[in-house]
Amino acid sequence: TIVGTVRPGNGSYALISDEGLTGSTGFAVLRPMRPECAEFVYFAATAIDNLDTLSLLADGGAYPAVHPEVVASTQVVRPDAQVLRMFSRFAGPLLAKTAEAERESHTLSALREALLLKLISGELRAKDAERFVEVTA
């Protein structure tokens, strides 16, 4: 889970499902100690009440920010191990499906842009677009 530390009230956050990525200095990176806690950490860190609290703790006039340590030290009520496992079992597949839908959306958006450029330039006619989609998909 990454949470934006600059202007935290804007609600910049994401659940990262890919391994080996690096983060910007404008984010706090939260890694659960156990895999079954990943979903809980994400939802706890990105809850509107938590983001509001971080916004109140931000300092700086034009560039209000909190230190990543502030994000990491945010206290939340922690459920017992059984509840965490059950939550992970239900929330994990939903978050995975959301991530897959987002990747598909990016792919479709890129395809739309490629088609649009070819249509506007006259390189591709609307009646030939279906064949283009089959070739690039």
Side-chain angles (χ1 to χ4, degrees):
T1 299
I2 58 172
V3 177
T5 56
V6 177
R7 295 183 184 89
N10 290 348
S12 299
Y13 56 84
L15 180 63
I16 308 298
S17 56
D18 299 332
E19 295 291 327
L21 300 175
T22 58
S24 165
T25 56
F27 290 95
V29 179
L30 306 172
R31 295 178 197 263
M33 297 177 102
R34 296 190 322 262
E36 66 270 14
C37 296
E39 295 81 11
F40 177 77
V41 167
Y42 172 73
F43 284 111
T46 62
I48 191 69
D49 290 344
N50 188 46
L51 295 174
D52 287 346
T53 299
L54 292 175
S55 183
L56 293 173
L57 295 172
D59 57 2
Y63 199 70
V66 293
H67 294 283
E69 298 81 26
V70 172
V71 177
S73 67
T74 302
Q75 294 189 4
V76 296
V77 175
R78 183 174 173 238
D80 66 31
Q82 181 181 1
V83 171
L84 274 173
R85 280 191 302 275
M86 288 177 63
F87 182 75
S88 178
R89 197 171 82 214
F90 289 104
L94 294 173
L95 288 172
K97 198 170 201 169
T98 300
E100 179 59 33
E102 191 170 313
R103 283 189 288 273
E104 185 177 333
S105 176
H106 287 293
T107 300
L108 291 171
S109 179
L111 180 59
R112 180 196 65 221
E113 294 302 315
L115 279 171
L116 195 55
L117 286 173
K118 290 187 177 294
L119 286 169
I120 290 172
S121 71
E123 184 181 338
L124 182 67
R125 295 167 146 312
K127 66 180 184 162
D128 299 325
E130 185 175 307
R131 188 173 41 83
F132 176 78
V133 170
E134 290 172 5
V135 170
T136 59

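Nothing fancy with the numbering, it's 1 onward along the sequence.
- One hydrophobic cluster holds both I16 and F27 under the rule that ILVMFWY side chains link at heavy-atom gaps under 4.5 Å.
- Under the 4.5 Å side-chain heavy-atom criterion for Ile, Leu, Val, Met, Phe, Trp and Tyr, Y13 and L95 are members of the same hydrophobic cluster.
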For residues 59-77, please give each side-chain donor-acceptor pair under 3.5 Å, one per line with the distance, not counting sequence neighbours.
from : atom 1 : to  : atom 2 : distance (Å)
S73  : OG     : E69 : O      : 3.0
S73  : OG     : V70 : O      : 3.2
T74  : OG1    : V70 : O      : 3.1
T74  : OG1    : V71 : O      : 3.0

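- Contact check on E100 versus R103 returns a salt bridge, with a Lys/Arg side-chain nitrogen under 4.0 Å from an Asp/Glu carboxylate oxygen.
- We find the OG-CG distance between S121 and L116 to be 9.5 Å, quoted to the nearest 0.5 Å.
- Put simply, the side chain of R78 reaches to within 4.5 Å of the side chain of L84, judged on heavy atoms.
- Panel note: side chain N10, backbone S12; no donor-acceptor pair is recorded below 3.5 Å.
- The closest donor-acceptor contact from the side chain of S105 to the backbone of A101 lies at 3.5 Å or more, if one exists at all.
- Between the side chain of T5 and the main chain of G26, a donor-acceptor pair closer than 3.5 Å is present.
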Please tabulate, one pair per line, all N/O donor-acceptor pairs under 3.5 Å involving side-chain atoms of residues 29-49, not counting sequence neighbours.
from : atom 1 : to  : atom 2 : distance (Å)
R34  : NE     : E36 : OE2    : 2.7
E39  : OE1    : S88 : OG     : 2.9
T46  : OG1    : Y42 : O      : 2.7

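- L57 and V6 end up in different hydrophobic clusters when Ile, Leu, Val, Met, Phe, Trp and Tyr side chains are linked at under 4.5 Å.
- Rounding to the nearest 0.5 angstrom, the gap separating the CD atom in E102 from the NE2 atom in H106 is 4.5 Å.
- Annotation for E113: atom CD counts as buried by contact number, over 12 foreign heavy atoms lying within 6.0 Å.
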